[in-house]
Amino acid sequence: MALAEAATESVDWPGLGRRAPGPLRLLVVPAAQDFDSLARGRLPPWSAGLAFPASRTVVVRENGSASFTTLRHELAHIALHDAVRVRVPLWFDEGYASWAAGELNRLHALNINLAVLQGRIPNFDALDRALRGRATTAETAYGLAATAVIELARRTPDGELTSLFDRLETGESFDAAFRSSTGLTVDQYEVLWRRSVRQRYNLATWVAAGGLWTILGGVVLALHFYRRRRDLPRRRALDEGWEIPEAEQNFPSDP
């Protein structure tokens with residue numbers, strides 16, 4: 001009931017303004033239930049929710065307070081597709097929903113992701129595939145998609161993608177609206193975004209996010225096992241020659 005009440009509230013969506021959700025069908029499924037029957041095999045089994053904009057249906061897997069974040073993510077998809085009638089790339093669709101839902105945990109996860117720290121940033125085509133990949137890969141992909149949309153918003157005049165959405169609402173194609181609102185092609189922006197991610201998520205941010213404690217913990221464990229291995233011959237030598245006699249039982253004699 002709490003999720004249903006939350007789903008009826010009007011929300012201020014970035015770049016789209018305040019919008020009422022309108023009529024919706026909300027399905028809340030038990031945490032252990034598989035999504036296959038509902039998603040028709042189109043989503044991986046780790047998905048926490050899904051949205052069907054055409055039928056205005058939202059499905060949320062029951063997961064305590066995290067269910068509300070999932071609900072907001074799926075409602076962002078509904079709001080986006082209500083406003084934009086043209087096809088948008090998957091990285092933009094999922095990145096916008098993650099940003100609008102305030103999923104900061106996914107952005108924080110990038111700080112400690114070694115693949116990102118090593119500069120292995122996918123292009124947009126690879127990012128689309130990763131969004132539907134394995135759970136560990138997808139979590140990073142969702143965070144990267146969110147950074148792509150946030151960085152894009154910074155490059156628009158109002159900082160909230162309003163100019164891009166205004167053009168998309170008129171039926172202009174995504175590529176054309178993208179270039180008109182940013183002065184860049186999608187390919188040009190991809191290069192700038194990948195460079196920005198490399199600059200923002202580096203060894204310094206990894207250390208600040210807790211990587212230093214990971215290093216120190218590894219050093220302590222390595223020293224512990226090194227000392228045990230070094231002291232092993234001495235412990236064995238100390239054990240040699242020790243004979244522990246069986247304890248004698250002395251019973252008191254009868255008076």
Side-chain angles (χ1 to χ4, degrees), residues 1-106 128 131-132 138 141-142 145-146 148-150 152-153 156 158-174 177-178 181:
M1 290 301 297
L3 287 169
E5 291 174 358
T8 63
E9 297 175 356
S10 297
V11 178
D12 284 314
W13 298 109
L16 296 175
R18 191 167 186 83
R19 293 175 178 259
L24 289 170
R25 175 187 296 172
L26 174 63
L27 303 177
V28 182
V29 301
Q33 182 171 328
D34 198 342
F35 270 7
D36 282 350
S37 60
L38 297 171
R40 300 174 184 174
R42 290 181 295 178
L43 290 178
W46 49 260
S47 299
L50 57 145
F52 299 96
S55 61
R56 306 193 62 76
T57 301
V58 172
V59 185
V60 175
R61 193 193 299 274
E62 185 181 4
N63 188 23
S65 60
S67 300
F68 290 88
T69 303
T70 301
L71 174 65
R72 187 175 174 90
H73 180 106
E74 303 308 330
L75 290 176
H77 285 305
I78 298 291
L80 177 62
H81 287 268
D82 278 349
V84 177
R85 299 297 181 178
V86 299
R87 186 178 181 84
V88 298
L90 182 61
W91 65 264
F92 182 85
D93 199 349
E94 293 296 353
Y96 178 80
S98 293
W99 176 38
E103 294 174 330
L104 300 180
N105 60 318
R106 283 174 166 164
D128 283 350
L131 286 165
R132 294 295 180 259
Y142 272 89
V149 174
I150 293 171
L152 177 60
T156 56
D158 61 348
E160 282 199 346
L161 299 175
T162 303
S163 58
L164 174 63
F165 286 138
D166 287 344
R167 294 178 179 278
L168 292 174
E169 288 188 69
T170 65
E172 197 170 337
S173 70
F174 182 81
F178 192 101
S181 58

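If you read the sequence from its start, that first residue is 1, and numbering goes on from there.
Counting heavy atoms from C-beta outward, Leu164 and Leu152 have side chains that approach closer than 4.5 Å. Under the 4.5 Å side-chain criterion, counting only non-hydrogen atoms from C-beta, Ile78 is in contact with Asp82.
In this structure, CZ on Phe165 lies 4.5 Å from CG on Leu16, to the nearest 0.5 angstrom. In this structure, CZ on Phe68 lies 4.5 Å from CG on Leu3, to the nearest 0.5 angstrom. Atoms CG and CZ, on Leu161 and Arg167 in that order, are 13.5 Å from each other to the nearest 0.5 Å. Rounded to the nearest 0.5 angstrom, Thr57 OG1 and Leu50 CG are separated by 9.0 Å. Put simply, CG on Asn63 and CG on Leu71 are 13.0 Å apart, with the number rounded to the nearest 0.5 Å. One finds the CH2 atom of Trp99 at 14.0 Å from the NE2 atom of His73 (value rounded to the nearest 0.5 Å).
In this structure a side-chain-to-backbone donor-acceptor pair under 3.5 Å is missing from Glu169 to Val84. Panel note: side chain Tyr96, backbone Pro14; a donor-acceptor pair is recorded below 3.5 Å. No donor-acceptor pair under 3.5 Å is formed between the side chain of Arg87 and the backbone N or O of Ser173. A side-chain donor-acceptor contact under 3.5 Å links Thr70 to the backbone of Ala66.
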Checklist entry - Can you list the steps and then say if Trp13 with Leu75 is a side-chain contact (heavy atoms from CB on, under 4.5 Å)? => result CA-CA 10 Å; Trp13 298 109; Leu75 290 176; 4.0 Å; yes
Next on the checklist: side-chain contact (heavy atoms from CB on, under 4.5 Å) for Val58 and Phe52? Distances and angles first, verdict last.
Outcome noted: CA-CA 6 Å; Val58 172; Phe52 299 96; over 6 Å; no
Checklist entry - So Ser98 and Glu103, side-chain hydrogen bond (donor to acceptor under 3.5 Å, both in side chains) or not? Walk me through it. => result CA-CA 5 Å; Ser98 293; Glu103 294 174 330; 3.0 Å; yes
Item to check | Step-by-step side-chain contact (heavy atoms from CB on, under 4.5 Å) determination, Asp128 to Phe92 | outcome: CA-CA 9 Å; Asp128 283 350; Phe92 182 85; over 6 Å; no
Checklist entry - Going through the checks in order, is the side-chain contact (heavy atoms from CB on, under 4.5 Å) test met by Val60 and Leu26? => result CA-CA 8 Å; Val60 175; Leu26 174 63; 4.1 Å; yes
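Among all heavy-atom pairs drawn from Ser163 and Thr156, the shortest one is OG-CB, 4.0 Å. Of all the heavy atoms in Ala7 and Leu24, the pair that sits closest is O-CD1, 3.9 Å. Of all heavy-atom pairs between Glu94 and Arg132, the closest is OE2-NH2, 3.0 Å.
When each of Arg72, Arg18, Arg19 is paired with Asp12, the salt bridge (Lys or Arg N to Asp or Glu O under 4.0 Å) condition holds for Arg18 and for no other.
Side-chain contact, Thr162 with Asp158: a donor N or O sits under 3.5 Å from an acceptor N or O.
Below 30°, between 30° and 60°, or above 60°: for Phe178 and Phe174 the angle between ring planes is between 30° and 60°, a tilted geometry. Using cut-offs of 30° and 60° for the angle between ring planes, the His77 and His81 rings count as tilted.
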